[in-house]
Amino acid sequence: MQSIKERISLKFFIFLGIAFFLIQIPIIGDYFRIINTVIHESGHAFMALFGGNVETISLFMNADGVTHGTQSFWVIDFVTCIAGYIISSLMAYGSFWLIKKKKYTLFIDLLLGLIVINLLLWVRNPYGLFWLASFGFLFLALLIKGSQKLIHNLVLLIASILLLESVSTAYDIFIISFIQPHAAGDATNLSQLTAIIPAQGWGIFFFAQALFLILLGFKKGLFHIGEGELHRIYQLEGHKEY
């Protein structure tokens, strides 16, 4: 029992619960869920740059997203397809690792940097531009004007949303891969690329890797959240749909 208490805290469950109820609220919930969508689609885009071209990323009001691009090599196409869910899960894991290490400024800079990159380079649809601009400005305003406690809680809330979304979206693609294997997004694309592994296999893989990183985070004690300290120093430094 003591070992469990050292690896997970009541505060973690409180913020996870707040995040869960927040993302259930119509419109508002989808607005906050898009942060995970941005990470997912950016994962596709960054991998595509190694041997292809990223044309646009679209972000939608229902928290869905799509990346349009072209790839020249099978390997690049493969890593581009597989990157979305993996990078989403790694970011959720990394968020709590940064919080555990009290690297709040780095966590903030990573998210703001990702927003700026998408705003300047890839996102062009109206709602996507609105979300990036509004979320970025809201985030900056809270960081500049907000109290240290408010900022600390905001970081924990966003990390909790990322954790929930990384698992729920992986679970969704896992279910869809069995119900509609020809319309399962990344799982379908990967099944077409690999031929011998069906969409269901990739659906299982995506869900399993999300669960694995949660288990790893638990074993590393990343979910044992204390009050922490914050210092008010911030720095801003062929077509396929994925």
Side-chain angles (χ1 to χ4, degrees), residues 20 23-24 26-27 29-93 118 121-128 131 161-215 238-242:
F20 176 79
I23 62 179
Q24 305 307 312
I27 301 177
D30 288 336
Y31 179 83
F32 281 95
R33 289 173 57 215
I34 291 179
I35 186 63
N36 180 72
T37 306
V38 171
I39 293 169
H40 178 107
E41 300 302 335
S42 297
H44 288 312
F46 284 127
M47 293 299 104
L49 290 177
F50 284 99
N53 178 57
V54 180
E55 296 178 355
T56 61
I57 291 176
S58 296
L59 305 173
F60 304 109
M61 191 177 292
N62 64 352
D64 284 345
V66 61
T67 300
H68 299 274
T70 58
Q71 285 76 47
S72 302
F73 307 102
W74 181 91
V75 172
I76 300 301
D77 206 0
F78 176 80
V79 297
T80 299
C81 286
I82 205 172
Y85 289 101
I86 293 177
I87 289 180
S88 176
S89 297
L90 286 173
M91 186 63 182
Y93 175 90
N118 276 273
L121 299 181
W122 297 323
V123 176
R124 292 295 177 265
N125 70 309
Y127 184 78
W131 186 90
I161 291 172
L162 291 178
L163 185 65
L164 287 173
E165 282 298 293
S166 69
V167 176
S168 65
T169 54
Y171 174 76
D172 288 343
I173 204 68
F174 163 68
I175 295 298
I176 293 171
S177 69
F178 280 89
I179 299 175
Q180 294 179 298
H182 298 295
D186 295 339
T188 299
N189 290 337
L190 285 165
S191 70
Q192 293 170 351
L193 286 170
T194 56
I196 61 172
I197 303 176
Q200 294 89 338
W202 290 110
I204 293 171
F205 169 77
F206 285 136
F207 188 41
Q209 60 85 33
L211 294 179
F212 169 77
L213 284 172
I214 287 182
L215 179 60
H239 295 279
K240 186 182 291 288
E241 295 184 355
Y242 301 100

Next on the checklist: Counting only heavy atoms not in Leu215 (residues, nucleotides, ligands), do more than 12 fall under 6.0 Å from its CG?
Outcome noted: yes
Checklist entry - Just wondering, more than 12 heavy atoms not from Phe20 lying within 6.0 Å of its CZ? => result no
Checklist entry - Parallel, tilted or perpendicular: which describes the rings of Phe206 and Tyr85, with under 30° parallel and over 60° perpendicular? => result tilted
Next on the checklist: Students often mix this up, so state it plainly: with edges at 30° and 60°, are the rings of Phe205 and Trp202 parallel, tilted or perpendicular?
Outcome noted: perpendicular
Please round to the nearest 0.5 Å and tell me the distance separating atom [atom1] of [X] and atom [atom2] of [Y].
X      : Y      : atom1 : atom2 : answer
Thr169 : Leu164 : OG1   : CG    : 10.5 Å
Met91  : Leu163 : CE    : CG    : 12.5 Å
Phe207 : Ser168 : CZ    : OG    : 9.5 Å
Arg33  : Asn62  : CZ    : CG    : 7.5 Å
Glu55  : Arg124 : CD    : CZ    : 12.5 Å
Thr67  : Phe46  : OG1   : CZ    : 10.5 Å

Nearest heavy-atom pair of [X] and [Y]: which atoms, and what distance?
X      : Y      : value
Ser177 : Ala199 : CB-O, 3.4 Å
Ser89  : Leu213 : CB-CD1, 3.4 Å
Cys81  : Leu193 : SG-CD1, 3.8 Å
Leu59  : Asn125 : O-ND2, 2.6 Å
Pro181 : Gln200 : CB-NE2, 4.0 Å
Pro198 : Ser191 : C-CB, 3.7 Å

Under 4.5 Å between any side-chain heavy atoms of [X] and [Y], yes or no?
X      : Y      : result
Asp186 : His40  : yes
Glu165 : Ile39  : no
Leu190 : Ile197 : no
Asp30  : Met61  : no
Phe60  : Tyr127 : no
Trp131 : Val123 : no
Thr194 : Phe78  : yes

Checklist entry - Ser88 side chain to Gly84 main-chain N or O, any donor-acceptor pair under 3.5 Å? => result no
Checklist outcome for this item: Of Ile57, Asn36, Ile34, Asp64, the one forming a side chain to side chain contact (heavy atoms under 4.5 Å, CB included) with Glu41 is Ile57
